[in-house]
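The structure under discussion appears below in the form of structure tokens.
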Amino acid sequence: MSETTQNAAPPPVRSGIAARLFSGPHSTPVGMALIVIALIILFGVLSPNGAFFRVSNLTTIVLNASVTMLLAVGVTMVLAAGELDLSIGANVVLSSVVAAKTLVALSGSFDEVRMGEYPHLVPALVASIISGILTGAAFGLVNGLLVTRLRINSFIVTLGTLGIGTGLAYVLTNGTNVPFVPRVIQTEFGVKKLFDIVPYPTIIVLTLAFALWFVLRATRFGLHTLAIGSSREAAERAGIRSRRHILMLFVLVGALAGVSSVLDLARFATTNIGGHQTTALAAIAAVVIGGTSLFGGRATIAGSMVASLIPVVLGTGLVILGVPSFYQLIVVGVILIIAVYIDQQRRERLS
Amino acid sequence: MSIRTKSFVLALGLSASWASGSALAAGEKIEFVAGIVGIPFYTSMECGARDAAKELGVELNWAGPPQWDLALQMPILQASIERGPNGLVLAPTDPNALVGIVEDLVNNKKIPVVTVDGNLSKPVDLQNIRTDNVSAGGLAAEAMAQSIGGAGTVLVVGLDPGVAANQERVDGFTKVLKEKYPNIKVLPTEYPGTDQNKAAEIVSAALQANPDLKGIYTTHSNAAVGTSSAVIGAGQQGKVKIIAYDADPGQVRDLKAGVYDALVVQSPYLEGYNSVTLVTKILRGEVDPTKLEDVAHPPMVVATRENVDTPEVKKNLYVDACSK
């Protein structure tokens, strides 16, 4: 992609919220959605007894993609302003450790918790959720301060804090998952579905994603974000305080990592110390495949969300078809490249 | 380096070795380099090692990296060797990379080395004490057959085919089922790595594709966490039996709560206890290292809801901290 195409897609500057909401780089979210639908139909037809088409399967796919989706939405916001956050995976792990420790410490005495009894579950849960989100936001604040005050490139800053966050999580837990997290948060929320259809975590993810879609498309904050990503200098000349704005974006993506950590904790009833090593890459890949520019100025939250589904749709479909584990890796890579190629061709035809 | 400084260094070295020789009478110095520290499996091993050291009157230094990673273990091992121990217990994080160092210690420096948990690709150590993972996989297969009543479809969730010890857990399981239980169908093994999300995703899909799925065997704790989340989410808890490896305190709680049907329990305490005892006995001339078997396997148990509180099983469960 050349320099000119980046500059050729300026942020939508039109009057009226409605016009702004439904303008912008439509082709990629739509193209990606078509590809996902095509994959779903393909797997559905090929799967034994149409197992893939089952509603429970489709909603579980969305549940399994939900944390990546939420992080991808956050990354979209940061990338829109031309910055990068590689530390989100470490942030999720660290925040979930803090949330889990808070939950276990406050929900009962040491012996009660070991017996599986949690007399103060509700207040402990509230404190746990708040502490997880605050930890995530504080992590983001540190990233943002380092980027904006010390003027260090965000790629390097977040590579550094990625290690620091992971190390802190290990120090706090001795490198092992936090045990004795009440399983009720898993059975009553983490894997539970509203009307047996929509997983609760998915409702939260979709609500937040919709809110941020609105922010990016229709508010001054979103407009400033894209303006900074297009040209920092021009944005500053136009009176946008870019450093403060970027700081806020890092706090935002950090807070989203905090929310993800709480969802993760509920889903597994423990922390995920061994996981999230490739989460940042997966989220960034989804964002870029979905049509957001790696260099800022052009961003689509809907595209990021749809693209987050692709790896999970593929993973689930290939297991249902009984494709052996090693071949799955190859097939996922091949299909990903084909999908992006098809979408690119389609966009070139449209423009 | 001039001749004078050379001889000075030599004299220093001689006096140092003489000094360590006199320390030997007060209690041998043994270094224990763990594969990873903090997790209950290794904490239990540390408790065994410390108990043996106390009983035998030897000085034990316990160290290890925060992750199972050769690059992190190497400097710790080097520092331990620099401390000039009389004997060394090592949990090798890589079967090939550490052969040269151990060979040099045993053959040239005459420091006895016993390995635990992991093993070396060439038996240059005096003995390797570790779980017989193939047999453990077989025990898991027996537990599975019992849980699902000898017939049905089962899935194995492994780690990564490159990790030999974990692969043995898979192979031992499938071998016993194939030989003894023709009515149990085993699906192709899945490998989610250490990622709980990936394990949950795979198991969710397998539950959709196989309505007759009756049991899932997980070979490590991250796979067990992802698997249980997927099974509970599909409303299949209790219907799809989960047989998991290891017995961390949280896993034991979940066994009692019905999340797992059985746990395959290794003996980290004995690995620690036996390795320190063996090194000490070799140093004291009570054991002839040339007569040792290459590998020793401490016994294992399978914990179920019925037997988990019996003393025989209870003593094998892993701990977060040593009891005083």
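Naming: A, B, ... by sequence-line order, numbering from 1 per chain.
- Note on A/Pro48, A/Gly167, A/Ser47, A/Ser56: by heavy-atom pairs under 4.5 Å with chain B, the leading option is A/Ser56.
- Interface residue B/Thr189: only backbone heavy atoms are found under 4.5 Å from chain A.
- Side-chain contact between B/Ser228 and A/Arg183: present, with at least one pair of heavy atoms (C-beta onward) separated by less than 4.5 Å.
- With a threshold of 4.5 angstrom between heavy atoms, A/Pro311 approaches chain B through N, CA, C or O but not through any side-chain atom.
- Contact of B/Asn222 with chain A is made through the side chain alone, with heavy-atom distances under 4.5 Å.
- Between chain A and the options B/Leu207, B/Ile232, B/Asn210, heavy-atom pairs under 4.5 Å are most frequent for B/Ile232.
- For the options B/Gly226, B/Ala209, B/Gly233, B/Ser229, heavy-atom pairs under 4.5 Å to chain A are most numerous at B/Ser229.
- The part of A/Thr271 that comes within reach of chain B is its backbone (N, CA, C, O), which places non-hydrogen atoms under 4.5 angstrom from that chain.
- The choice from B/Ala206, B/Pro188, B/Pro249 that makes the most heavy-atom pairs within less than 4.5 Å of chain A is B/Pro249.
- No part of B/Val252 comes within reach of chain A, as not one of its non-hydrogen atoms sits under 4.5 angstrom from that chain.
- Between chain A and the options B/Pro192, B/Ala205, B/Ala257, the largest number of non-hydrogen pairs under 4.5 Å is found for B/Ala205.
- Side-chain N/O atoms of B/Gln196 and A/Asp264 include no donor and acceptor closer than 3.5 Å.
- The shortest side-chain heavy-atom distance between B/Arg253 and A/Phe180 falls under the 4.5 Å cut-off.
- Under a cut-off of 6.0 angstrom, the local environment of CG in B/Asp212 is crowded, with over 12 non-hydrogen atoms contributed by other residues, nucleotides or ligands.
- Only the side chain of A/Tyr170 comes within contact range of chain B, judged by heavy atoms closer than 4.5 Å.
- Judged by distance alone, the side chains of A/Thr316 and B/Glu201 never bring a donor and an acceptor atom under 3.5 Å apart.
- Here B/Asn197 is the residue among B/Val37, B/Asp195, B/Leu187, B/Asn197 with the most heavy-atom pairs under 4.5 Å with chain A.
- Note that CD of B/Gln208 and CD1 of A/Ile320 are 5.5 Å apart. Values are rounded to the nearest 0.5 Å.
- When heavy atoms are compared at a cutoff of 4.5 Å, B/Asp254 approaches chain A solely by way of its side chain, counted from C-beta outward.
- Of the residues considered (A/Thr60, A/Val181, A/Thr173, A/Thr278), A/Val181 shows the highest number of contacts with chain B, using heavy-atom pairs under 4.5 Å.
- Both the backbone and the side chain of B/Val225 come within contact range of chain A, each with at least one heavy atom under 4.5 Å from a heavy atom of that chain.
- In this structure, chain B has a heavy atom under 4.5 Å from the side chain of A/Arg54, while its backbone stays farther away.
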Q | Test side-chain contact (heavy atoms from CB on, under 4.5 Å) applied to B/Ser204 and A/Asn64, step by step | A | CA-CA 9 Å; B/Ser204 303; A/Asn64 284 332; 3.6 Å; yes
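- Chain B forms more heavy-atom pairs under 4.5 Å with one residue of A/Val312, A/Leu63, A/Thr187 than with any other, namely A/Val312.
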